[in-house]
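Chain letters run A, B, ... following the sequence lines, proteins first, then strands; residues in each count from 1.
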Amino acid sequence: MTFLRRLLPHPYLTLLLTVTWLMLVNGWSLNSLVFGFLLGWLIPFVTRAYWPQQPRVRAPLKIIEYILVVFYDIVVANIEVARIVLFKSNANRTPAWVTIPLDLRTPEAITVLAGTITMTPGTVSADVSAEGHALLVHCLDAPNPEAVRDDIKTRYEARLKEIFE
Amino acid sequence: MDQFLEITVSVFLVVGGVFGLIGSFGLIKLNDPMSRLHGPTKASTLGLGGVLLASMLHSILAEHHVSFHEIMITLFVLLTAPITANFIAKVHIHRHETPKSLPDAGSDKLWATHDIVPDDRATDEA
């Protein structure tokens, strides 16, 4: 087991990279499968110093729900931002910084949350606090910053907590 | 059927183009650096998404083969756009914000960009 762990430090990453390679080749052949697997083995092996522990996923099925929620929100976000850009004057817009205290602890979960915040309605994640206990988020138009914070916490963070922790 | 397909693909292309244009327009219209970040990170996502959907529909229905490249492009954009935005935001915080001009960082006192060793700050300003 330990030998296998040392040889394949991140089996899921290897699988993901192999599938990515096959999709990049855009076709199926034994050649590309073998080469994809070689890359999938080599890349985690070379970069293993940066992945000290294996990220754990508690509820894999929840990921599908999360992706659907995020995709829906991205479409809404686009229309919302387009509306603000086109029809709202700069004087009427109230940009704001919002602090989001984090309940998430694992770096992977926080990374996904920060990425999601950037892709969804009127918010860009700008920074993390010195010890990683809060996220700094910039809002394009937030008359009510508390509502934005509560929305992010209930809509994304609660779901990510179920998935990762 | 052919005409229906062409209309669908065109609709996606036009929607994609319009959102891409609005995203770029946002860069000009919005009036502070942090707000300008919102234009390219969002409006362009759907802009690109529209074009990719059109490309996918066309390759499946007209050329009768499934192309995975569009899925890969979507994935890579979703992974890289937040990181680019984050880098630009960090540069902005580094150069134009002070710990006082940002909201409270809670129990950690400082945001990571401001949490630098005093020596580094000295050489930075010199």
Is [Y] reachable from [X] through a run of hydrophobic residues whose side-chain heavy atoms are each under 4.5 Å from the next?
{"X": "A/Tyr72", "Y": "A/Leu68", "answer": "no"}
{"X": "A/Ile67", "Y": "A/Ile74", "answer": "yes"}
{"X": "A/Leu136", "Y": "B/Val91", "answer": "no"}
{"X": "B/Val51", "Y": "B/Leu5", "answer": "yes"}
{"X": "A/Phe71", "Y": "A/Ile152", "answer": "yes"}

Checklist entry - Going through the distances and angles, do A/Leu86 and B/Phe25 end up as a side-chain contact (heavy atoms from CB on, under 4.5 Å)? => result CA-CA 9 Å; A/Leu86 289 179; B/Phe25 175 63; 4.0 Å; yes
For a quick test of reading the model, state the closest non-hydrogen atom pair linking [X] to [Y] and the distance between them.
{"X": "A/Val124", "Y": "B/Ala85", "result": "CG1-CB, 4.4 Å"}
{"X": "A/Asn78", "Y": "B/Phe19", "result": "O-CE2, 3.7 Å"}
{"X": "B/His38", "Y": "A/Cys139", "result": "NE2-C, 3.8 Å"}
{"X": "B/Lys90", "Y": "A/Ala126", "result": "CG-O, 3.9 Å"}
{"X": "A/Leu24", "Y": "B/His69", "result": "O-NE2, 2.6 Å"}
{"X": "A/Pro95", "Y": "B/Asp32", "result": "CG-OD1, 4.4 Å"}

Between [atom1] of [X] and [atom2] of [Y], what distance do you get to the nearest 0.5 Å?
{"X": "B/Ile93", "Y": "A/His138", "atom1": "CD1", "atom2": "NE2", "result": "10.0 Å"}
{"X": "B/Lys29", "Y": "A/Ile84", "atom1": "NZ", "atom2": "CD1", "result": "9.0 Å"}
{"X": "B/Leu37", "Y": "A/Thr123", "atom1": "CG", "atom2": "OG1", "result": "12.0 Å"}

Checklist entry - With a cut-off of 6.0 Å (strictly less than), are more than 12 heavy atoms of other residues, nucleotides or ligands near NZ of A/Lys153? => result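 Counting neighbours around NZ of A/Lys153, more than 12 heavy atoms of other residues, nucleotides or ligands fall under 6.0 Å, so yes.
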Relative to chain B, which segment of [X] carries a heavy atom at a distance below 4.5 Å: side chain, backbone, both, or neither?
{"X": "A/Leu22", "result": "neither"}
{"X": "A/Pro101", "result": "neither"}
{"X": "A/Ser89", "result": "backbone"}

Item to check | Portion of B/Ile88 that has a non-hydrogen atom of chain A nearer than 4.5 angstrom | outcome: neither
Next on the checklist: Need one label for B/Met72: side chain, backbone, both or neither, based on atoms under 4.5 Å from any heavy atom in chain A.
Outcome noted: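 For B/Met72, the contact with chain A is made by the side chain alone.
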Next on the checklist: Counting heavy-atom pairs closer than 4.5 Å to chain A, which one of B/Leu75, B/Ile71, B/Asn86 comes out on top?
Outcome noted: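 Heavy-atom pairs under 4.5 Å are most numerous for B/Asn86.
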Next on the checklist: Using side-chain contact (heavy atoms from CB on, under 4.5 Å), reason through B/Leu30 and A/Asn90 one step at a time and then give a plain yes or no.
Outcome noted: CA-CA 7 Å; B/Leu30 300 172; A/Asn90 282 327; 3.9 Å; yes
Item to check | CA sep, side-chain torsions, deciding dist, call: B/Phe76, A/Thr20, side-chain contact (heavy atoms from CB on, under 4.5 Å) | outcome: CA-CA 11 Å; B/Phe76 291 147; A/Thr20 306; 4.2 Å; yes
